[in-house]
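In what follows, a structure is listed as structure tokens, so that the remarks can point back to it.
FYI, the numbering just counts along the sequence from 1. Quick caveat, the model's predicted, so the values are computed rather than measured. Counting starts at 1 for both ligands and their atoms, following the listed order.
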Amino acid sequence: MPQQPLGVALIGTGFMGKSMAMAWRNVATVFGGAHPGLAILCDQTPDLAERFAKQFGFARASADWRAVVADPAVDVVSITTPNGWHRPMAEAALAAGKHVWLEKPMALTLEDAEAMTAAAAAHPGQITLLGYNYLRNPAFQAARHLVASGAIGKPLQFRGIYDEDYGADPAQAWSWRHARATGGLGALGDLACHLVSQMLALMGPVASVTALTQIAIPTRPSPDGAKPVENEDSVVALIEFSSGAQGSFASSRVALGRKCRLQWEVQGSEGTIIFDQENMNEFWLHRRGEAGFTRHLSGPEQPDFAAFCPAPGHNFGFNEQKIIEARDFLSAIAGGAETGPNFAQGLVIERIIHAMARSEGRPIML
Ligand code: NAD
């Protein structure tokens with residue numbers, strides 16, 4: 001008897017809803033295995049749900065997320081709603097026996113993230129995965145492998161930046177992202193958490209952070225008049241790693257001219273590696289004795305690149321990272337190794353960004 005395909009429910013059809021829909025539709029095409037069954041598409045209204053169920057190729061549509069996560073045809077729930085919905089939706093899905101693929105950040109508050117981690121621990125047979133897609137970029141994986149294998153010696157310093165300018169226009173309308181009750185943290189929850197995920201993968205655990213945050217644009221226009229921005233537009237921080245290495249760290253959502261400057265450098269005792277997500281198909285490496293930096297362009301020698309394309313230099317993209325993430329999620333569900341970050345590993349990221357948020361220039365031990 002052929003096995004039933006895994007039943008997928010996807011909640012949310014915005015930026016990341018579309019990205020996860022593409023991942024679910026393409027994961028078996030790229031990596032093989034059984035195609036997941038696209039069971040239910042959920043959004044806030046029946047109109048939205050029906051429109052996107054057709055567009056994304058889901059069998060059914062629903063505007064009732066509680067019914068969706070409890071539906072017996074659903075084995076896994078993809079959650080791409082605004083941050084305030086993450087905890088109730090993830091906890092309900094776990095309680096209903098489902099695997100959960102959740103967009104970052106985990107939640108609005110550290111307490112929420114702790115409760116979600118406890119909920120996941122209470123269901124050890126169910127896989128959780130957070131949407132830290134930049135970890136899946138083949139160029140990042142290759143650079144991380146070089147650091148881990150000692151190619152640049154002992155890591156001494158990390159310099160990390162994640163800047164975008166999507167919030168730089170003061171005329172930009174107030175949205176759920178600007179309120180603590182619906183967005184949680186600002187640049188820290190939206191952007192910096194990605195940089196933390198890469199920093200941990202490259203440098204290992206963090207011992208302490210010392211940070212300053214800033215709200216650059218204190219109000220935003222809304223149909224009801226100017227509304228206050230309650231969370232940080234930017235952050236700067238110093239990092240002390242458990243290994244003894246040091247780091248500097250900055251992130252902003254109001255950095256004019258910057259689009260996806262997820263950029264870092266690891267300086268080691270024997271060399272330096274540089275990466276910038278705006279040029280996501282390459283990293284640069286210098287080793288002691290070389291004249292300068294050498295460009296390492298992504299190509300089929302990186303297995304996750306080869307799965308998409310046999311030709312070097314033909315470039316890999318943002319949404320393709322999500323397809324690799326879907327592969328890793330399915331592999332863990334099938335009993336393979338968990339690549340994470342799962343909720344417990346995501347909680348470590350949340351502890352760091354919330355420590356930065358409350359530091360006000362004082363060192364916070366982690
Ligand atoms: P978005 O506003 O584009 O989409 C949100 C979607 O959720 C919309 O379709 C909205 O109608 C739907 N929604 C809201 N409340 C709902 C409810 N109660 N029931 C059902 N549907 C509901 O937002 P986005 O940019 O896609 O961000 C969503 C999440 O993805 C956020 O947590 C954000 O931090 C994260 N995100 C991650 C990345 C990444 O690189 N991993 C990039 C962007 C956003």
Q. Got a sec, which hydrophobics cluster with Ile215, joining ILVMFWY side chains under 4.5 Å apart, including via others?
A. Val229
Q.
For ligand 1, give me the residues whose heavy-atom distance to it is below 4.0 Å, by chain and number please.
A. Ile11, Gly12, Thr13, Gly14, Phe15, Met16, Asp43, Gln44, Thr80, Thr81, Pro82, Asn83, Trp85, His86, Met89, Glu103, Lys104, Pro105, Gly131, Asn133, Trp176, Arg177, Asp190, His194, Phe318, Lys322
(Q) Centre-to-centre under 6.0 Å for Trp176 and Trp85, is that the case here? (A) no
Q: Would you mind listing the cluster partners of Val254? Hydrophobic ones only (ILVMFWY), side-chain contacts under 4.5 Å, chaining allowed.
A: Ile217
Q: Could you tell me whether Arg51 and Asp43 make a salt bridge, using a distance below 4.0 angstrom between a side-chain N and a carboxylate O?
A: no
Q. Below 4.5 Å, heavy atoms only, C-beta onward: do Glu265 and Trp284 meet side chain to side chain?
A. no
**Q.** Apart from Val236 itself, residues in the same hydrophobic cluster as defined by side-chain heavy atoms under 4.5 Å
**A.** Leu212
